[in-house]
Peer 1: 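Pasting in a structure now, in structure tokens, and then I'll have a few things to ask.
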Amino acid sequence: QVQLVESGGGLVQAGGSLRLSCATSGPFFRINTMAWYRQAPGNQRELVATVTTGSSTTYADSVKGRFTISRDNAQNTVYLQMNSLKPEDTAVYYCNAEIRQYAISAALRHYWGQGTQVTVSS
């Protein structure tokens, strides 16, 4: 069973930094794009950043210049370095991985982590 396990969330003051990690384990053939999403209370889940296998990245406008997504393909892990945090960054952060599970099939499936809480105090 493929599993994504996040870590690194917590409570930080505005202007501070946190680094989230998400490790993927289980039987699979290949991980394609990995991403971070977040969901604040009462809001829909929103895309924060993506990174491809070749380390091309995209960011939501609200985090550009403050957050950096990266990945370690050997460790099947994606990271989110969050700097200059603001109270509006408070949310549960989820990692997502697009996975090709079998070499004999091109079918892709998205898997989610359990989420990690990030709280930024003013």
Peer 1: Out of curiosity, Cys95 SG to Tyr37 OH, how far, rounded to the nearest 0.5 Å?
Peer 2: 11.5 Å
Peer 1: Report yes or no: is the cationic atom of Arg38 (NZ for Lys, CZ for Arg) closer than 6.0 Å to the six-membered ring centre of Tyr94, at no more than 45° off its axis?
Peer 2: no
Peer 1: Run the side-chain hydrogen bond (donor to acceptor under 3.5 Å, both in side chains) check on Thr77 and Asp72 step by step: do they pass?
Peer 2: CA-CA 5 Å; Thr77 299; Asp72 181 335; over 6 Å; no
Peer 1: Taking atom OG of Ser121 and atom CD of Gln13, what is their separation to the nearest 0.5 Å?
Peer 2: 5.0 Å
Peer 1: Hey, what do you get for OG (Ser105) to CZ (Arg100), rounding to the nearest 0.5 Å?
Peer 2: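 These two atoms lie 7.0 Å from each other.
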Peer 1: So which heavy atom on Ser55 is nearest to which on Arg71, and how close?
Peer 2: OG-CG, 4.4 Å
Peer 1: For Gly115, is there any backbone N or O sitting under 3.5 Å from a side-chain donor or acceptor partner on Glu6?
Peer 2: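 Side chain of Glu6 to backbone of Gly115: a pair is present.
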Peer 1: Apply the test salt bridge (Lys or Arg N to Asp or Glu O under 4.0 Å) to residues Lys64 and Asp61: give CA-CA distance (whole Å), side-chain angles for both, the deciding distance (0.1 Å), then the verdict.
Peer 2: CA-CA 5 Å; Lys64 279 182 182 175; Asp61 287 343; 3.1 Å; yes
Peer 1: For Glu98 and Asn96, does a side-chain donor sit closer than 3.5 Å to a side-chain acceptor?
Peer 2: no
Peer 1: If you round to the nearest 0.5 Å, how far is OG of Ser122 from CD of Glu88?
Peer 2: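 Rounded to the nearest 0.5 Å, the CD-OG separation comes out at 10.0 Å.
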Peer 1: Could you tell me which non-hydrogen atom of Ser17 sits nearest to which non-hydrogen atom of Gln81, and how far apart they are?
Peer 2: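 Taking every non-hydrogen atom into account, CB-NE2, 4.0 Å.
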Peer 1: Evaluate the side-chain hydrogen bond (donor to acceptor under 3.5 Å, both in side chains) criterion for residues Thr58 and Thr50: first the C-alpha distance (whole Å), next the side-chain angles of each, then the deciding distance (0.1 Å), finally the verdict.
Peer 2: CA-CA 5 Å; Thr58 65; Thr50 69; 2.5 Å; yes
Peer 1: Distance-only, no hydrogens or angles: does the Asp89 side chain make a donor-acceptor pair with backbone N or O of Lys86 under 3.5 Å?
Peer 2: yes
Peer 1: So Gln101 and Leu108, side chain to side chain contact (heavy atoms under 4.5 Å, CB included) or not? Walk me through it.
Peer 2: CA-CA 7 Å; Gln101 198 153 5; Leu108 300 173; over 6 Å; no
Peer 1: Hey, is the main chain of Gly8 close enough, under 3.5 Å, to the side chain of Arg19 for a donor-acceptor pair?
Peer 2: no
Peer 1: Should side-chain heavy atoms under 4.5 Å link Ile, Leu, Val, Met, Phe, Trp and Tyr, which residues sit in the same cluster as Ile104?
Peer 2: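 Answer for Ile104: Tyr102.
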Peer 1: Rounded to the nearest 0.5 Å, what separation is found between the OG1 atom of Thr68 and the CZ atom of Arg66?
Peer 2: 11.0 Å
Peer 1: Side chains of Thr52 and Thr33: any donor to acceptor distance under 3.5 Å?
Peer 2: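 On atom types as modelled, these side chains do not qualify, holding no pair under 3.5 Å.
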Peer 1: Check whether any side-chain N or O of Asn73 sits under 3.5 Å from a backbone N or O of Thr53 as a donor-acceptor pair, and report yes or no.
Peer 2: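 Confirmed, Asn73 side chain pairs with Thr53 backbone.
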Peer 1: Does Tyr59 sit in a hydrophobic cluster with other residues, and if so which ones, taking ILVMFWY side chains as linked at heavy-atom separations under 4.5 Å, directly or through other members?
Peer 2: Val2, Leu4, Val12, Leu18, Leu20, Phe28, Ile31, Met34, Trp36, Val48, Val51, Val63, Phe67, Ile69, Val78, Leu80, Met82, Leu85, Tyr93, Ile99, Tyr111, Val118, Val120
